[in-house]
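Shown next, in C-alpha coordinates, is the structure this report addresses.
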Number of protein chains: 2
Amino acid sequence: MRLTRAGEYAVRCVLYLARRGPGALVSRKEVAEEADIPGQFLAKIAQQLARQGIIEIMQGAGGGYRLSTDPDRITMLEVIETIIGEIALNDCVLRPGSCGNSDICAVHRVWGEAQARLRDHLNGVTFADLLAEEERLRG
Amino acid sequence: MRLTRAGEYAVRCVLYLARRGPGALVSRKEVAEEADIPGQFLAKIAQQLARQGIIEIMQGAGGGYRLSTDPDRITMLEVIETIIGEIALNDCVLRPGSCGNSDICAVHRVWGEAQARLRDHLNGVTFADLLAEEERLRG
DNA sequence: ACAAATAAGATATGTTTAGTCTTATATCAA
DNA sequence: TTGATATAAGACTAAACATATCTTATTTGT
Ligand code: SF4
Ligand code: SF4
(Lines give C-alpha, C1' and ligand atoms only; values in the text may rest on other atoms or scores of the structure.)
(Ligands and ions follow the chains in the order given, each with its own letter.)
Protein backbone atom coordinates (compact mmCIF):
# COMPACT_ATOMS: atom_id res chain seq x y z
CA MET A 1 0.00 0.00 0.00
CA ARG A 2 0.93 3.60 0.08
CA LEU A 3 -0.91 6.44 1.69
CA THR A 4 -1.05 9.03 -1.02
CA ARG A 5 -1.57 12.69 -0.44
CA ALA A 6 -5.19 12.22 -1.43
CA GLY A 7 -5.61 9.54 1.23
CA GLU A 8 -4.10 11.75 3.88
CA TYR A 9 -6.41 14.60 2.86
CA ALA A 10 -9.44 12.32 3.04
CA VAL A 11 -8.62 11.39 6.62
CA ARG A 12 -8.11 15.06 7.50
CA CYS A 13 -11.42 15.97 5.89
CA VAL A 14 -13.45 13.34 7.70
CA LEU A 15 -11.71 14.07 10.98
CA TYR A 16 -12.44 17.78 10.64
CA LEU A 17 -16.11 17.10 9.93
CA ALA A 18 -16.24 14.78 12.92
CA ARG A 19 -14.67 17.46 15.07
CA ARG A 20 -17.31 19.96 13.99
CA GLY A 21 -20.00 17.56 15.13
CA PRO A 22 -21.91 14.76 13.42
CA GLY A 23 -24.70 16.93 12.03
CA ALA A 24 -22.73 20.01 11.03
CA LEU A 25 -22.82 21.15 7.43
CA VAL A 26 -19.44 22.65 6.62
CA SER A 27 -18.45 24.47 3.44
CA ARG A 28 -15.67 23.11 1.31
CA LYS A 29 -13.84 26.36 1.77
CA GLU A 30 -13.80 25.98 5.52
CA VAL A 31 -12.63 22.37 5.39
CA ALA A 32 -9.94 23.24 2.88
CA GLU A 33 -8.62 26.12 4.94
CA GLU A 34 -8.81 24.51 8.35
CA ALA A 35 -7.54 21.10 7.30
CA ASP A 36 -4.99 22.56 4.91
CA ILE A 37 -6.14 20.88 1.72
CA PRO A 38 -6.09 22.44 -1.78
CA GLY A 39 -9.69 23.38 -2.47
CA GLN A 40 -10.22 21.83 -5.88
CA PHE A 41 -8.40 18.72 -4.89
CA LEU A 42 -10.63 18.40 -1.85
CA ALA A 43 -13.63 18.57 -4.16
CA LYS A 44 -12.47 15.42 -5.97
CA ILE A 45 -11.78 13.59 -2.76
CA ALA A 46 -15.11 14.59 -1.24
CA GLN A 47 -16.93 13.28 -4.27
CA GLN A 48 -15.36 9.88 -3.78
CA LEU A 49 -16.21 9.90 -0.09
CA ALA A 50 -19.79 10.82 -0.97
CA ARG A 51 -20.11 8.02 -3.51
CA GLN A 52 -18.98 5.64 -0.82
CA GLY A 53 -21.63 7.03 1.52
CA ILE A 54 -19.21 8.33 4.12
CA ILE A 55 -20.21 11.97 3.71
CA GLU A 56 -23.12 13.85 2.16
CA ILE A 57 -22.64 16.78 -0.15
CA MET A 58 -25.13 19.63 -0.36
CA GLN A 59 -24.89 21.65 -3.53
CA GLY A 60 -25.67 25.28 -4.18
CA ALA A 61 -25.53 28.35 -2.00
CA GLY A 62 -25.10 27.47 1.65
CA GLY A 63 -24.01 23.99 0.64
CA GLY A 64 -21.12 21.95 1.93
CA TYR A 65 -20.19 18.64 3.43
CA ARG A 66 -21.42 16.65 6.40
CA LEU A 67 -20.84 13.20 7.78
CA SER A 68 -23.59 10.81 6.83
CA THR A 69 -23.20 8.71 9.95
CA ASP A 70 -21.68 8.77 13.43
CA PRO A 71 -17.91 9.01 13.79
CA ASP A 72 -17.86 5.75 15.70
CA ARG A 73 -19.12 3.96 12.63
CA ILE A 74 -16.45 5.27 10.27
CA THR A 75 -13.06 3.56 10.36
CA MET A 76 -9.74 4.73 9.03
CA LEU A 77 -9.62 1.71 6.75
CA GLU A 78 -12.90 2.66 5.07
CA VAL A 79 -11.82 6.21 4.41
CA ILE A 80 -8.39 5.28 3.13
CA GLU A 81 -9.52 2.45 0.91
CA THR A 82 -12.23 4.63 -0.56
CA ILE A 83 -9.48 6.82 -1.94
CA ILE A 84 -6.57 4.54 -2.70
CA GLY A 85 -8.33 1.23 -3.24
CA GLU A 86 -7.79 -1.91 -1.21
CA ILE A 87 -4.55 -1.81 0.70
CA ALA A 88 -2.12 -4.25 -0.89
CA LEU A 89 1.45 -4.84 0.19
CA ASN A 90 2.25 -6.75 -2.98
CA ASP A 91 0.29 -6.88 -6.18
CA CYS A 92 0.11 -10.68 -6.16
CA VAL A 93 -1.97 -10.64 -2.98
CA LEU A 94 -4.68 -8.58 -4.60
CA ARG A 95 -4.50 -10.28 -7.99
CA PRO A 96 -3.12 -13.81 -7.53
CA GLY A 97 -3.17 -14.27 -11.29
CA SER A 98 -0.47 -11.64 -11.69
CA CYS A 99 2.21 -14.15 -10.65
CA GLY A 100 1.99 -17.77 -11.68
CA ASN A 101 3.69 -18.95 -8.51
CA SER A 102 1.28 -17.42 -6.07
CA ASP A 103 -0.30 -20.68 -4.95
CA ILE A 104 3.00 -22.34 -4.11
CA CYS A 105 4.96 -19.26 -3.05
CA ALA A 106 5.97 -18.95 0.58
CA VAL A 107 6.58 -15.22 0.23
CA HIS A 108 3.07 -14.72 -1.04
CA ARG A 109 1.69 -16.07 2.23
CA VAL A 110 3.77 -13.67 4.26
CA TRP A 111 2.42 -10.73 2.30
CA GLY A 112 -1.10 -12.01 2.65
CA GLU A 113 -0.90 -12.29 6.39
CA ALA A 114 0.87 -8.97 6.87
CA GLN A 115 -1.77 -7.28 4.76
CA ALA A 116 -4.61 -8.86 6.69
CA ARG A 117 -3.15 -7.74 9.99
CA LEU A 118 -2.62 -4.21 8.79
CA ARG A 119 -6.16 -3.94 7.46
CA ASP A 120 -7.60 -5.35 10.68
CA HIS A 121 -5.67 -2.86 12.70
CA LEU A 122 -6.83 0.11 10.66
CA ASN A 123 -10.36 -1.20 10.64
CA GLY A 124 -10.30 -1.15 14.42
CA VAL A 125 -9.73 2.59 14.58
CA THR A 126 -12.85 4.76 14.26
CA PHE A 127 -13.01 8.52 13.96
CA ALA A 128 -14.66 8.57 17.38
CA ASP A 129 -11.48 6.94 18.69
CA LEU A 130 -9.43 9.62 16.99
CA LEU A 131 -11.53 12.40 18.51
CA ALA A 132 -11.20 10.83 21.95
CA GLU A 133 -7.46 10.53 21.55
CA GLU A 134 -7.30 14.16 20.45
CA GLU A 135 -9.10 15.17 23.63
CA ARG A 136 -6.69 13.15 25.69
CA LEU A 137 -3.70 14.71 23.96
CA ARG A 138 -5.03 18.21 24.38
CA GLY A 139 -6.25 17.89 27.96
CA MET B 1 4.94 1.74 2.01
CA ARG B 2 4.78 0.10 -1.31
CA LEU B 3 6.57 -2.96 -2.51
CA THR B 4 8.00 -1.92 -5.83
CA ARG B 5 9.02 -4.27 -8.55
CA ALA B 6 12.62 -3.80 -7.49
CA GLY B 7 11.75 -4.85 -3.94
CA GLU B 8 9.96 -7.94 -5.18
CA TYR B 9 12.98 -8.83 -7.34
CA ALA B 10 15.33 -8.41 -4.40
CA VAL B 11 13.34 -10.90 -2.37
CA ARG B 12 13.31 -13.33 -5.29
CA CYS B 13 17.04 -12.96 -5.74
CA VAL B 14 17.93 -13.60 -2.11
CA LEU B 15 15.46 -16.46 -1.91
CA TYR B 16 16.96 -18.08 -4.99
CA LEU B 17 20.47 -17.76 -3.58
CA ALA B 18 19.28 -19.26 -0.31
CA ARG B 19 17.68 -22.11 -2.19
CA ARG B 20 20.95 -22.85 -3.97
CA GLY B 21 22.69 -23.16 -0.61
CA PRO B 22 24.43 -20.65 1.65
CA GLY B 23 27.87 -20.96 0.08
CA ALA B 24 26.92 -21.23 -3.58
CA LEU B 25 28.29 -18.69 -6.03
CA VAL B 26 25.65 -18.14 -8.69
CA SER B 27 26.02 -16.11 -11.85
CA ARG B 28 23.77 -13.15 -12.43
CA LYS B 29 22.54 -14.81 -15.58
CA GLU B 30 21.32 -17.85 -13.71
CA VAL B 31 19.58 -15.80 -11.02
CA ALA B 32 17.97 -13.62 -13.65
CA GLU B 33 16.67 -16.53 -15.65
CA GLU B 34 15.54 -18.73 -12.79
CA ALA B 35 14.00 -15.99 -10.69
CA ASP B 36 12.57 -14.20 -13.71
CA ILE B 37 14.27 -10.84 -13.26
CA PRO B 38 15.53 -8.58 -16.09
CA GLY B 39 19.30 -9.07 -16.07
CA GLN B 40 20.52 -5.49 -16.03
CA PHE B 41 17.90 -4.49 -13.51
CA LEU B 42 19.03 -7.33 -11.28
CA ALA B 43 22.57 -5.94 -11.48
CA LYS B 44 21.41 -2.67 -9.94
CA ILE B 45 19.47 -4.42 -7.22
CA ALA B 46 22.34 -6.77 -6.41
CA GLN B 47 24.69 -3.82 -6.00
CA GLN B 48 22.40 -2.36 -3.37
CA LEU B 49 22.13 -5.70 -1.57
CA ALA B 50 25.92 -5.99 -1.63
CA ARG B 51 26.43 -2.50 -0.22
CA GLN B 52 24.13 -3.50 2.62
CA GLY B 53 26.19 -6.62 3.22
CA ILE B 54 23.41 -9.08 2.45
CA ILE B 55 25.15 -10.65 -0.54
CA GLU B 56 28.69 -10.70 -1.89
CA ILE B 57 29.47 -10.01 -5.51
CA MET B 58 32.43 -11.62 -7.24
CA GLN B 59 33.56 -9.77 -10.35
CA GLY B 60 35.30 -11.06 -13.41
CA ALA B 61 35.15 -14.39 -15.16
CA GLY B 62 33.46 -17.06 -13.10
CA GLY B 63 31.99 -14.37 -10.88
CA GLY B 64 28.47 -14.04 -9.54
CA TYR B 65 26.51 -13.59 -6.34
CA ARG B 66 26.41 -15.42 -3.03
CA LEU B 67 24.79 -14.85 0.33
CA SER B 68 27.20 -13.34 2.80
CA THR B 69 25.51 -14.98 5.77
CA ASP B 70 23.10 -17.76 6.68
CA PRO B 71 19.50 -17.54 5.49
CA ASP B 72 18.26 -17.61 9.06
CA ARG B 73 20.02 -14.33 9.69
CA ILE B 74 18.45 -12.48 6.77
CA THR B 75 14.94 -11.14 7.26
CA MET B 76 12.43 -9.97 4.70
CA LEU B 77 12.41 -6.55 6.30
CA GLU B 78 16.15 -6.13 5.77
CA VAL B 79 15.99 -7.07 2.13
CA ILE B 80 12.98 -4.94 1.35
CA GLU B 81 14.16 -1.87 3.19
CA THR B 82 17.53 -2.11 1.51
CA ILE B 83 15.75 -1.50 -1.76
CA ILE B 84 12.82 0.75 -1.00
CA GLY B 85 14.03 2.49 2.14
CA GLU B 86 12.38 2.33 5.52
CA ILE B 87 8.81 1.19 5.29
CA ALA B 88 6.56 4.15 6.01
CA LEU B 89 2.80 4.14 5.94
CA ASN B 90 2.66 7.92 6.02
CA ASP B 91 5.44 10.37 5.38
CA CYS B 92 4.93 12.13 8.70
CA VAL B 93 5.93 9.01 10.59
CA LEU B 94 9.33 8.95 8.95
CA ARG B 95 9.86 12.69 8.95
CA PRO B 96 7.83 14.25 11.78
CA GLY B 97 8.90 17.66 10.61
CA SER B 98 6.96 17.23 7.38
CA CYS B 99 3.69 18.02 9.19
CA GLY B 100 3.56 20.62 11.93
CA ASN B 101 0.82 18.76 13.77
CA SER B 102 2.62 15.50 14.19
CA ASP B 103 3.20 15.80 17.92
CA ILE B 104 -0.45 16.47 18.74
CA CYS B 105 -2.04 14.45 15.95
CA ALA B 106 -4.01 11.37 16.91
CA VAL B 107 -3.83 9.97 13.39
CA HIS B 108 -0.07 10.20 13.46
CA ARG B 109 0.01 7.78 16.38
CA VAL B 110 -2.12 5.27 14.55
CA TRP B 111 0.24 5.30 11.60
CA GLY B 112 3.19 4.99 13.88
CA GLU B 113 1.84 1.94 15.62
CA ALA B 114 0.65 0.25 12.43
CA GLN B 115 4.04 0.79 10.87
CA ALA B 116 5.85 -0.62 13.89
CA ARG B 117 3.70 -3.73 13.85
CA LEU B 118 4.19 -4.29 10.16
CA ARG B 119 7.96 -3.89 10.41
CA ASP B 120 8.09 -6.24 13.40
CA HIS B 121 6.14 -8.83 11.52
CA LEU B 122 8.38 -8.70 8.46
CA ASN B 123 11.45 -8.65 10.63
CA GLY B 124 10.30 -11.92 12.15
CA VAL B 125 10.41 -13.75 8.83
CA THR B 126 13.83 -15.03 7.78
CA PHE B 127 14.78 -16.62 4.49
CA ALA B 128 15.32 -19.87 6.36
CA ASP B 129 11.65 -19.66 7.34
CA LEU B 130 10.72 -19.13 3.72
CA LEU B 131 12.77 -22.12 2.60
CA ALA B 132 11.15 -24.29 5.28
CA GLU B 133 7.70 -23.14 4.25
CA GLU B 134 8.55 -23.90 0.62
CA GLU B 135 9.51 -27.44 1.61
CA ARG B 136 6.26 -27.84 3.48
CA LEU B 137 4.24 -26.57 0.52
CA ARG B 138 6.02 -28.81 -1.93
CA GLY B 139 6.08 -31.96 0.19
C1' DA C 1 46.18 -11.04 -24.21
C1' DC C 2 41.55 -12.61 -24.27
C1' DA C 3 37.11 -13.83 -22.75
C1' DA C 4 33.82 -13.67 -19.13
C1' DA C 5 31.54 -11.22 -15.85
C1' DT C 6 30.10 -7.26 -13.04
C1' DA C 7 30.24 -1.71 -12.10
C1' DA C 8 28.52 2.63 -12.85
C1' DG C 9 26.39 6.31 -15.01
C1' DA C 10 23.42 8.14 -18.66
C1' DT C 11 19.32 7.77 -20.96
C1' DA C 12 14.80 6.51 -22.25
C1' DT C 13 9.80 5.20 -21.40
C1' DG C 14 5.73 4.68 -19.06
C1' DT C 15 2.80 5.30 -15.02
C1' DT C 16 1.13 7.61 -11.11
C1' DT C 17 0.44 11.55 -8.31
C1' DA C 18 -0.98 15.99 -7.31
C1' DG C 19 -3.07 19.62 -8.65
C1' DT C 20 -5.38 23.20 -11.78
C1' DC C 21 -8.68 24.87 -15.28
C1' DT C 22 -12.93 25.11 -17.46
C1' DT C 23 -17.68 24.58 -18.14
C1' DA C 24 -21.98 23.07 -16.30
C1' DT C 25 -25.37 22.53 -12.71
C1' DA C 26 -27.71 23.18 -8.34
C1' DT C 27 -29.55 26.16 -4.51
C1' DC C 28 -30.77 30.14 -1.95
C1' DA C 29 -32.32 34.75 -1.40
C1' DA C 30 -33.52 39.21 -2.85
C1' DT D 1 -36.34 35.53 -12.20
C1' DT D 2 -31.99 37.00 -11.66
C1' DG D 3 -27.66 37.07 -9.44
C1' DA D 4 -24.52 35.23 -6.11
C1' DT D 5 -22.83 31.22 -4.02
C1' DA D 6 -21.43 26.64 -4.08
C1' DT D 7 -20.44 22.04 -5.81
C1' DA D 8 -20.01 18.47 -10.19
C1' DA D 9 -17.47 16.59 -13.65
C1' DG D 10 -14.13 16.01 -16.95
C1' DA D 11 -10.00 17.67 -19.41
C1' DC D 12 -5.61 18.98 -18.81
C1' DT D 13 -0.70 19.75 -16.99
C1' DA D 14 3.61 19.26 -14.52
C1' DA D 15 6.45 16.77 -11.62
C1' DA D 16 7.92 12.67 -9.55
C1' DC D 17 8.79 7.90 -9.61
C1' DA D 18 9.29 3.23 -11.38
C1' DT D 19 11.22 0.25 -14.63
C1' DA D 20 13.98 -0.66 -17.15
C1' DT D 21 17.97 -0.45 -21.16
C1' DC D 22 22.37 1.22 -23.23
C1' DT D 23 27.04 2.31 -23.10
C1' DT D 24 31.59 2.38 -21.44
C1' DA D 25 34.81 0.96 -17.97
C1' DT D 26 36.83 -2.29 -14.80
C1' DT D 27 37.81 -6.67 -12.76
C1' DT D 28 39.15 -11.54 -12.86
C1' DG D 29 40.49 -16.19 -14.43
C1' DT D 30 42.84 -18.85 -18.05
S1 SF4 E 1 7.02 -14.65 -6.36
FE2 SF4 E 1 5.58 -14.94 -4.67
S3 SF4 E 1 5.57 -12.97 -3.61
FE4 SF4 E 1 6.57 -12.59 -5.57
S5 SF4 E 1 4.88 -11.95 -6.90
FE6 SF4 E 1 5.03 -14.15 -7.19
S7 SF4 E 1 3.60 -14.98 -5.69
FE8 SF4 E 1 3.93 -12.87 -5.09
S1 SF4 F 1 -2.18 15.42 10.00
FE2 SF4 F 1 -1.38 13.86 11.40
S3 SF4 F 1 -1.35 12.02 10.15
FE4 SF4 F 1 -1.62 13.69 8.71
S5 SF4 F 1 0.46 14.18 8.08
FE6 SF4 F 1 0.03 15.54 9.82
S7 SF4 F 1 0.78 14.38 11.60
FE8 SF4 F 1 0.66 12.92 9.92
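Only this structure's heavy atoms are used, side chains among them; waters, hydrogens and symmetry mates stay out.
Between A:D91 atom CG and D:dT19 atom P the separation is 11 Å, expressed in whole Å. Per the geometry, CZ belonging to A:R66 stands 13 Å off P belonging to D:dT7, to the nearest Å. One interatomic measurement links the two molecules: CZ of A:R51 to P of D:dT7, which rounds to 16 Å at whole-angstrom precision. Separating the CG atom of B:D36 from the C1' atom of D:dA20 is a distance of 14 Å, rounded to the nearest angstrom.
Across residues 9-17 of chain B, not one residue has a non-hydrogen atom less than 4.0 Å from an atom of DNA chain C. For the contact set between residues 21-29 of chain A and DNA chain D, defined by any heavy atom under 4.0 Å, the members are A:S27, A:R28.
Residue contacts shown for B:A6 are limited to sugar-phosphate atoms, with no base heavy atom under 4.0 Å away.
Ion pairing between a basic and an acidic side chain is recognised when a charged N comes within 4.0 Å of a carboxylate O; A:R5 and A:E8 show no such pairing. With salt bridges taken as basic N to acidic carboxylate O contacts below 4.0 Å, none links B:R20 and B:E34.
Remark: B:A132 engages no residue in a side chain to side chain contact (heavy atoms under 4.5 Å, CB included) (not counting sequence neighbours). Looking at residues two or more places apart in sequence or on another chain, you find a side chain to side chain contact (heavy atoms under 4.5 Å, CB included) between B:S68 and B:E56.
Residue order along DNA chain C, read from the 5' end via each residue's closest nucleotide, puts B:Y65 first among B:Y65 and A:R5.
Scanning DNA chain C 5' to 3' for nucleotides with an atom closer than 4.0 angstrom to a non-hydrogen atom of chain B gives a first and last hit of C:dA4 to C:dG9.
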Reading 5' to 3' through nucleotides 21-30 of chain D, protein heavy-atom contacts under 4.0 Å coded B for base, S for sugar-phosphate only, - for none:
BBB---BBS-
